[in-house]
Number of protein chains: 2
Amino acid sequence: MSGSDQLSAVFSALADPTRRAILAELADRDATVTELTAPLPISMPAVSRHLKALERAGLISRTRSGKLRMSRIEAAPLREAAEWIERYRRFWDTSLTRLDAHLAAVQAAGRPTDRTTHGSACPDRESPSKAHDKEN
Amino acid sequence: MSGSDQLSAVFSALADPTRRAILAELADRDATVTELTAPLPISMPAVSRHLKALERAGLISRTRSGKLRMSRIEAAPLREAAEWIERYRRFWDTSLTRLDAHLAAVQAAGRPTDRTTHGSACPDRESPSKAHDKEN
DNA sequence: ACTACATTTAACGTGTTGGTTAAGTGATTG
DNA sequence: CAATCACTTAACCAACACGTTAAATGTAGT
């Protein structure tokens, strides 16, 4: 989809196993394109373009030193991604089950649901209309 | 990329703002396709296919009750995604800066780096070769 | 059975993605 | 200054994503 907004770009970047592998590599040490390509089953141009995608998402930065081009992880955008996901923690974290049940009960009072385990609460009503207008 | 593995499917699903909006909606209450379509600027068939993508990623489950088809959030896979991202927390969480500096120093002893803020440590060496073999 | 409603599937257009190889760019090295 | 190294860009292709409208499916009501 491309995803012009930050969050979309980040999730989109993370959706590719090759790019996740690159990030894992860069978590250990900064690396050149050649170094990053070595363990991968794809050509250098392909890697170059993955790096471009990661850069677009703000997940890496790059500096040229001589003829080498170093990539450095820049994981700040992951914070936003983590925070987005965290809002759904109650749906998988069992320690929140009781709170969930309570909230479900509260909501059930107002409007009947057959939901037993969870229901109600926060995650942002993130209007996609804007995104659509922007990117189509 | 499509991404046949779980993590790829999840991140791929989250990469679309419309799908994130749908998840946010479903966090409040189970809903029918019609209900989900209402606030969105796209047609029902389009929504139907977004739901298919979310289902493929394991992020929702669906049951038919009469002529209605209810979608329910099933956020368990988000846990895996959150855990993956968490491995990079040290790259953005300032409270870990000192530990980072320490680890960087330790690594610098063995092999010189100009990395001042962070370096070293864990994230999985997730080989993308397998994924490629599987999905191409 | 006919009709209406809810949703999916089909067919189609278009843009994007991820890979390839071949050619271009820029800095270092002989 | 020519050759080489480290990349990037261009050109191309197959597959997919995302939207549309029109037709098909399935369930409920009359």
Side-chain angles (χ1 to χ4, degrees), chain A residues 1-5 8-22 26 30-38 40-57 60-72 128-136, chain B residues 1-5 8-22 26 30-38 40-57 60-72 128-136:
Chain A
M1 134 148 297
S2 115
S4 66
D5 61 297
S8 297
V10 170
F11 281 135
S12 188
L14 297 184
D16 188 308
T18 299
R19 285 192 288 263
R20 289 199 304 275
I22 290 175
L26 292 176
D30 298 356
T32 66
V33 182
T34 305
E35 287 169 343
L36 290 171
T37 302
L40 296 173
I42 59 177
S43 67
M44 192 180 306
V47 173
S48 182
R49 284 170 34 163
H50 279 302
L51 291 173
K52 205 176 194 173
L54 288 168
E55 195 173 22
R56 193 168 53 89
I60 66 169
S61 64
R62 313 169 77 183
T63 59
R64 105 172 303 146
S65 45
K67 61 180 170 185
L68 288 320
R69 196 169 274 265
M70 299 297 281
S71 296
R72 158 171 301 193
S129 332
K130 258 185 295 175
H132 272 286
D133 292 350
K134 255 187 280 177
E135 61 203 338
N136 292 347
Chain B
M1 132 149 295
S2 109
S4 67
D5 61 298
S8 297
V10 170
F11 281 135
S12 188
L14 299 185
D16 188 308
T18 300
R19 284 191 291 263
R20 290 200 302 275
I22 289 174
L26 291 176
D30 298 355
T32 66
V33 183
T34 304
E35 286 170 345
L36 290 171
T37 302
L40 296 174
I42 59 178
S43 67
M44 192 179 308
V47 173
S48 182
R49 283 170 35 160
H50 279 302
L51 291 173
K52 207 176 193 173
L54 288 168
E55 195 174 22
R56 193 168 54 88
I60 66 167
S61 64
R62 313 171 77 184
T63 58
R64 102 170 308 143
S65 45
K67 59 180 168 182
L68 289 319
R69 196 170 272 266
M70 298 299 278
S71 295
R72 158 171 303 192
S129 331
K130 257 185 298 176
H132 272 285
D133 294 349
K134 255 187 280 177
E135 59 202 335
N136 293 349

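In the text below, chain A, chain B and the rest are named by the order of the sequence lines, each starting its count at 1. Please read these numbers as outputs of a predicted model, since none were measured by experiment.
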Nearest-Å distance, CZ (Phe11(A)) to C1' (dT16(C))? 20 Å
Between dT8(C) (C1') and His50(B) (NE2): distance, integer Å: 15 Å
Give the rounded distance in Å between these two atoms: CE of Met44(A) and P of dG18(C). 19 Å
Does Arg49(A) get its side chain close enough to the base of dG19(C), under 3.5 Å, for a donor-acceptor pair? yes
Compare all side-chain heavy atoms of Met70(B) with those of Arg62(B) and state whether any distance is below 4.5 angstrom. no
Please confirm whether the shortest side-chain N or O distance from Arg64(B) to OP1 or OP2 of dT7(C) is below 4.0 Å. no
Can you see if the side chain of Arg69(A) gets near the phosphate of dG26(C) - specifically, an N or O under 4.0 Å from OP1 or OP2? no
Would you kindly give the CD-to-P distance between Glu55(A) and dT9(D), to the nearest whole Å? 10 Å
Side chain proximity check, Thr18(B) to Val47(B), heavy atoms < 4.5 angstrom: no
Counting only side-chain nitrogens and oxygens, does Arg62(B) get under 4.0 Å of the OP1 or OP2 atom of dT8(C)? yes
DNA chain D: Ala53(B) or Pro45(B), which has the more 5' nearest nucleotide? Ala53(B)
Phosphate contact (dT20(C) OP1 or OP2) by Ser43(A) side-chain N/O below 4.0 Å: yes
Rounded to whole angstroms, how far apart are CG on Asp16(A) and P on dC16(D)? 14 Å
Between Leu68(B) and Thr34(B), is any pair of side-chain heavy atoms under 4.5 Å apart? no
Please determine if a side-chain N or O atom of Ser48(A) lies less than 4.0 Å away from the OP1 or OP2 oxygen of dT8(D). yes
Report yes if some heavy atom in the side chain of Ile60(A) is under 4.5 Å from a heavy atom in the side chain of Arg72(A); otherwise report no. no
Would you mind telling me which residue lines up with the more 5' stretch of DNA chain C, Ala46(A) or Ser65(A), judged by nearest nucleotide? Ala46(A)
